2 protein chains.
Amino acid sequence: MTTSKKADRQPNSREQQRLETRRSLAEHAIRLFSERGYDETTVEEIAAAAGVSARTFFLHFSTKAAAAFPDHDARVHDFVTRLNAGAPHVNPLSQLRSTLDARLDGESPSRLVRYRLLAEVPELRNEDARTDRDYEKAIAAYLILHWGDTIEAEVRANAIANALIGVARATLSAGGIYGIDARAATAEILWRMFGSPFDDPLHSV
Amino acid sequence: MTTSKKADRQPNSREQQRLETRRSLAEHAIRLFSERGYDETTVEEIAAAAGVSARTFFLHFSTKAAAAFPDHDARVHDFVTRLNAGAPHVNPLSQLRSTLDARLDGESPSRLVRYRLLAEVPELRNEDARTDRDYEKAIAAYLILHWGDTIEAEVRANAIANALIGVARATLSAGGIYGIDARAATAEILWRMFGSPFDDPLHSV
DNA sequence: CATGTAGGTACAGTGGGTGAAGTTAATACC
DNA sequence: GGTATTAACTTCACCCACTGTACCTACATG
């Protein structure tokens with residue numbers, strides 16, 4: 001077992017080997033979570049399926065739940081990048097809207113399977129609230145950057161960020177369960193909430 | 001240690017003794033979390049401080065984090081009761097609004113300390129997303145009850161519930177950190193979002 | 001080819017959480 | 001009042017997520 005997966009000796013760089021191990025761990029983790037349930041799957045089993053030791057699992061993912069979202073960090077980073085790539089003087093909420101729309105448009109069917117898993121396994125939903133909170137922090141930071149770092153702006157930015165992510169989570173989850181178009185549902189619900197009254201939130205109080 | 005806290009033999013009913021143990025566990029848990037931090041406090045220490053065994057802790061709270069919110073279940077139940085106590089034909093969103101307003105009005109300063117702890121200890125925030133999800137479920141169920149059990153209503157109800165709780169969480173957390181009036185901030189942000197466009201959400205699409 | 005180092009392993013430990021069997025004392029019932 | 005029941009708690013043994021540490025080994029690179 002120790003050398004089985006290293007037998008396919010290619011001119012792979014070490015980094016590629018590492019990525020392959022990580023990919024394999026995530027793949028088997030998601031498969032096992034789906035097949036037998038989250039609680040019924042141990043990290044030991046995931047690691048064994050991927051042909052590595054249990055300790056190695058935690059060199060790639062900080063928690064058992066994190067293996068279900070292997071590209072989370074990259075996606076958050078990508079989201080932040082797009083958020084800040086807007087034209088300099090565009091309304092921050094408009095920029096936020098178009099970035100979120102683009103993100104929801106790009107959701108592949110294969111990812112919807114992930115959201116279905118998320119919706120159906122409460123352990124995963126509970127344990128990986130961290131996932132959402134990263135987006136909330138990113139959105140709040142973006143808004144504060146544009147609105148100024150006052151207490152009032154901070155409260156408002158956090159409130160909006162939490163509400164946005166809450167709606168997105170609910171509709172993506174529904175997308176996973178019912179196969180409905182998450183983008184359309186989210187867009188409709190979301191932007192009716194965050195319409196005109198919030199275009200200039202700090203001066204219309 | 002085994003009989004120390006049973007020495008004060010009163011004509012207490014067993015139930016009162018049980019409640020006293022629970023209260024003591026929660027009190028020491030919150031104190032220890034505040035004093036030395038969440039991760040630096042073990043369940044064993046909490047139990048020892050309350051004069052009971054570690055196993056007993058889990059007869060009262062299902063997780064370590066749950067001890068920080070000892071009255072959570074009662075509060076959710078109370079919330080649901082008030083929600084459904086409205087006049088029969090009142091607009092569900094109006095009822096929701098007044099119930100939430102009342103809840104936020106009733107937040108005592110001592111509870112704000114709790115929210116401060118919540119805001120400052122990410123482990124607690126992450127680990128007890130369950131707290132929020134109970135409210136989300138309650139609100140969504142209430143809206144579905146009034147709107148009908150269609151997929152569309154369900155998606156919409158969940159989205160609104162998540163957004164509401166997101167805003168409430170953000171502002172309560174700000175209330176804990178900055179001591180600002182959570183009710184005022186939440187009310188202002190929240191009800192501008194959920195204003196007129198949502199008064200008749202199922203027929204104005 | 002020598003050497004540093006990245007990726008992995010083995011091992012031992014901590015701590016949250018559970019199941020099961022036993023103890024004690026309050027209570028219910030006669 | 002005496003006996004049976006049972007609720008609250010304890011002890012013990014266990015599982016599993018997660019961590020620290022020391023070690024190994026093969027790739028990389030000068």
Side-chain angles (χ1 to χ4, degrees), chain A residues 1-26 29 32-33 36-68 121-124 126-128 130, chain B residues 1-26 28-29 32-33 36-68 121 123-124 126-128 130:
Chain A
M1 181 192 295
T2 53
T3 56
S4 63
K5 71 180 295 294
K6 291 175 185 172
D8 52 339
R9 189 150 319 285
Q10 299 287 85
N12 277 335
S13 77
R14 273 203 280 224
E15 191 177 358
Q16 278 171 327
Q17 268 295 356
R18 174 167 224 274
L19 287 178
E20 169 56 20
T21 299
R22 179 188 169 87
R23 198 202 51 73
S24 178
L25 280 169
L32 289 169
F33 290 166
R36 21 175 133 163
Y38 182 79
D39 278 346
E40 287 69 36
T41 304
T42 68
V43 170
E44 194 108 28
E45 289 166 341
I46 299 168
V52 297
S53 75
R55 189 68 183 83
T56 294
F57 177 94
F58 291 106
L59 296 178
H60 287 273
F61 301 104
S62 60
T63 67
K64 173 182 170 184
V121 182
E123 295 91 343
L124 269 186
N126 287 331
E127 289 190 37
D128 222 300
R130 204 174 324 195
Chain B
M1 182 194 294
T2 52
T3 55
S4 62
K5 72 181 291 296
K6 291 174 184 170
D8 51 339
R9 190 151 317 285
Q10 298 286 85
N12 276 336
S13 76
R14 273 202 280 220
E15 191 175 358
Q16 278 171 328
Q17 267 295 353
R18 176 166 221 274
L19 288 178
E20 169 57 20
T21 299
R22 180 187 170 87
R23 199 202 51 72
S24 178
L25 280 169
H28 285 105
L32 289 169
F33 291 166
R36 22 174 132 164
Y38 182 78
D39 278 346
E40 288 68 36
T41 304
T42 68
V43 169
E44 195 107 28
E45 290 167 342
I46 299 168
V52 297
S53 75
R55 190 69 183 81
T56 294
F57 177 95
F58 291 107
L59 296 178
H60 287 273
F61 301 104
S62 60
T63 66
K64 174 182 170 184
V121 182
E123 296 91 343
L124 268 187
N126 287 331
E127 288 189 39
D128 222 299
R130 204 175 324 197

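Every chain is numbered from 1 and lettered A, B, ... according to where its sequence line falls, protein lines coming before strand lines. Predicted model, so just to flag it, every value in this text is computed and none were measured.
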N/O-N/O pairs, protein side and nucleotides 2-6 of chain D side, under 3.5 Å:
unit_1	atom_1	unit_2	atom_2	d
D:dT6	O2	B:R14	NH1	3.3

Polar-atom pairs under 3.5 Å, protein N or O versus N or O of nucleotides 19-23 of chain D: list them with distances, or write none.
unit_1	atom_1	unit_2	atom_2	d
D:dG20	N7	A:R55	NH2	2.9
D:dG20	O6	A:R55	NE	2.6

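Between B:E15 atom CD and C:dA25 atom C1' there is a gap of 17 Å when expressed in whole angstrom units. Atom CZ in B:F57 sits roughly 13 Å away from atom P in D:dC9 (whole-Å rounding). With rounding to whole Å, A:R18 atom CZ is found 12 Å from C:dT9 atom P. One can place CD of A:Q16 at 13 Å from C1' of D:dC27, the figure rounded to the nearest angstrom. Whole-Å rounding puts the A:R36 CZ to D:dC16 C1' distance at 15 Å. Note: CD (A:E44) to P (D:dC18) measures 13 Å, nearest angstrom. Distance, B:L19 CG to C:dA26 C1': 15 Å, rounded to whole Å. To the nearest angstrom, C1' of D:dA17 lies 14 Å from CG of A:L59.
The ring-ring contact (aromatic ring centres under 6.0 Å, His included) search around A:F58 returns none, not counting sequence neighbours. The side chain to side chain contact (heavy atoms under 4.5 Å, CB included) search around B:R14 returns none, not counting sequence neighbours. For B:H28, the side-chain hydrogen bond (donor to acceptor under 3.5 Å, both in side chains) criterion is met by B:S24, not counting sequence neighbours.
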Let me check something: any side-chain donor-acceptor pairs from residues 40-50 of chain B under 3.5 Å, sequence neighbours excluded? List them with distances.
unit_1	atom_1	unit_2	atom_2	d
B:T41	OG1	B:L32	O	3.4
B:T41	OG1	B:G37	O	2.8
B:T42	OG1	B:E45	N	3.1
B:E45	OE1	B:R36	NH1	3.1
B:E45	OE1	B:T42	N	3.0
B:E45	OE2	B:R36	NH1	3.2

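With values rounded to the nearest 0.5 angstrom, B:F33 atom CZ is found 9.5 Å from B:D39 atom CG. The line from CZ of B:R18 to OG1 of B:T21 is 8.5 Å long, rounded to the nearest 0.5 Å.
Between A:E20 and A:R23, at least one side-chain nitrogen of the basic residue sits less than 4.0 Å from a carboxylate oxygen of the acidic one, meeting the salt-bridge criterion.
Of the candidates D:dC9, D:dC18, C:dG8, C:dG8 carries the atom nearest the A:T56 side chain, counting heavy atoms from C-beta on. Among the nucleotides C:dT9, C:dG16, D:dC18, the one closest to any side-chain atom of A:S53 is C:dT9.
Remark: the backbone N or O of B:A65 is paired with a side-chain donor or acceptor of B:Y38 at under 3.5 angstrom.
Here A:T42 lies in heavy-atom contact (under 4.0 Å) with sugar-phosphate atoms only.
The side chain of A:H60 places an N or O atom within less than 4.0 Å of a non-bridging phosphate oxygen (OP1 or OP2) of C:dG8. Regarding contacts with the backbone of C:dG8, a side-chain N or O of A:T21 is found under 4.0 angstrom from either OP1 or OP2.
Scanning both residues, A:F57 and A:T63, for their nearest heavy atoms gives CE2-O, 3.7 Å.
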